[in-house]
**Student:** 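What follows is a single structure, and I will ask about it in a moment.
When a residue number appears, it is its place in the shown sequence, counting from 1. For clarity, every value in this text was computed on a predicted model and none was experimentally measured.
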Amino acid sequence: GSVSAAADRLGGEAHEETFWAALRDHALPFFADPRPLWRLSLPLGTGLVAFPGEVVIDWAGAQVWLKSDAGEETIRHIAHASRGYATCCTPGIASEPFHPMPDGLLQLHRNLKQQLDPRGILNPGRMAATL
């Protein structure tokens with residue numbers, strides 16, 4: 001019942017079980033597209049959003065894989081306007097791979113990183129350029 005309800009709301013096509021393994025492994029033809037790959041995480045119930053590119057929607061609409069040449073600002077604005085966030089999965093495309101954090105959350109991450117990694121040797125700059 002829930003699958004039918006989601007299909008009615010989101011549309012799309014029914015797929016065999018092998019599709020889900022190919023999606024998990026990024027083995028679908030969609031992932032071979034040379035455009036940058038973005039992963040958007042959106043709240044359930046966000047509804048359909050006009051994305052600037054091709055998408056694969058997963059997790060009942062809460063995860064969107066986007067292949068797009070649109071700029072970082074455009075994609076992150078769409079995610080933020082939908083109360084979600086965007087992660088760039090293609091190196092060298094975005095200023096930071098992860099969605100920028102609000103100042104308060106960034107400070108919390110700095111404090112936590114200082115406690116867990118006082119010498120700053122674990123993935124410096126990975127979560128945010130300043131961490």
**Student:** Grab the two heavy atoms, one from L42 and one from V64, that are nearest each other, plus how far apart they are.
**Tutor:**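 Heavy atoms of L42 and V64 come nearest at CD1-CG2, 4.0 Å.
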**Student:** H80: what forms a ring-ring contact (aromatic ring centres under 6.0 Å, His included) with it, not counting sequence neighbours?
**Tutor:**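 None.
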**Student:** Name all residues meeting the side-chain hydrogen bond (donor to acceptor under 3.5 Å, both in side chains) criterion together with Q114; count only those two or more places apart in sequence or in a different chain, and write none if there are none.
**Tutor:**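 Partners of Q114 by the side-chain hydrogen bond (donor to acceptor under 3.5 Å, both in side chains) criterion come out as none, since no residue qualifies.
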**Student:** Considering only residues two or more places apart or on different chains, which pairs with a residue in residues 22-53 satisfy ring pair (Phe, Tyr, Trp, His ring centres under 6.0 Å)?
**Tutor:**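 Pairs touching residues 22-53 that pass the test: H26-F31, H26-W65, F31-W65.
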**Student:** Could you list the residues that satisfy ring-ring contact (aromatic ring centres under 6.0 Å, His included) with Y85, not counting sequence neighbours?
**Tutor:**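 Testing Y85 for ring-ring contact (aromatic ring centres under 6.0 Å, His included), a comparison that skips the adjacent residues, returns none.
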**Student:** Side chain to side chain contact (heavy atoms under 4.5 Å, CB included), that's the test. Do L122 and K113 meet it? Break it down for me.
**Tutor:** CA-CA 9 Å; L122 301 175; K113 184 162 176 68; 4.3 Å; yes
**Student:** Which atom names give the shortest non-hydrogen contact between S82 and V49, and what distance separates them?
**Tutor:**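 Looks like OG-CG2, 3.8 Å.
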**Student:** Work out which heavy atom in T90 is nearest to a heavy atom in P36; give both atom names and the distance.
**Tutor:**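 Minimum heavy-atom contact is OG1-CA, 3.4 Å.
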**Student:** Starting at CG of L40, measure out to CD1 of I75 and round the result to the nearest 0.5 Å.
**Tutor:**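 Those atoms lie 7.5 Å apart.
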**Student:** Answer yes or no: is there a side-chain heavy-atom contact under 4.5 Å between C89 and R39?
**Tutor:**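 They are in contact (side-chain heavy atoms under 4.5 Å apart), so the answer is yes.
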**Student:** Are the side chains of V56 and Q63 in contact, using a 4.5 Å heavy-atom criterion?
**Tutor:**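 No, too far: nothing below the 4.5 Å cut-off.
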**Student:** Considering all heavy atoms of both residues, which atom of A70 and which atom of P52 are nearest to each other, and what is their separation?
**Tutor:**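 Taking A70 first and P52 second, the nearest heavy atoms are CB-CG, 3.6 Å.
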**Student:** Taking salt bridge (charged side-chain N to carboxylate O under 4.0 Å, His left out) as the test, write out the residues that go with D69, two or more places apart.
**Tutor:**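 Salt bridge (charged side-chain N to carboxylate O under 4.0 Å, His left out) check on D69 returns nothing, list empty.
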**Student:** Are there more than 12 heavy atoms of other residues, nucleotides or ligands under 6.0 Å from atom CG of N111?
**Tutor:**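 It does: N111 CG has more than 12 such atoms within range.
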**Student:** By the rule that ILVMFWY residues connect when side-chain heavy atoms come within less than 4.5 angstrom, directly or transitively, which residues belong alongside L116?
**Tutor:**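 L116 clusters with L112.
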**Student:** Could you check if a side-chain atom of R83 sits within less than 4.5 angstrom of a side-chain atom of P43, using non-hydrogen atoms only?
**Tutor:**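 Yes. Closest side-chain heavy atoms under 4.5 Å.
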**Student:** For D25 and A27, indicate whether the former's side chain and the latter's backbone hold a donor-acceptor pair under 3.5 Å.
**Tutor:**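 Answer holds: no.
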**Student:** Answer with yes or no whether the hydrophobic clustering places L66 together with I78; edges join I, L, V, M, F, W, Y residues whose side-chain heavy atoms lie under 4.5 Å apart.
**Tutor:**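 In one cluster: yes.
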**Student:** On a heavy-atom basis, which atom in C88 and which in R76 lie closest, and how many Å separate them?
**Tutor:**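 Heavy atoms only, the tightest pair is N-NH2, 4.0 Å.
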**Student:** Has E54 got more than 12 heavy atoms of other residues, nucleotides or ligands less than 6.0 Å from its CD?
**Tutor:**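 It does not: E54 CD has 12 such atoms or fewer within range.
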**Student:** Could you walk me through whether L105 and H109 pass the side chain to side chain contact (heavy atoms under 4.5 Å, CB included) check?
**Tutor:** CA-CA 6 Å; L105 184 58; H109 276 259; 3.8 Å; yes
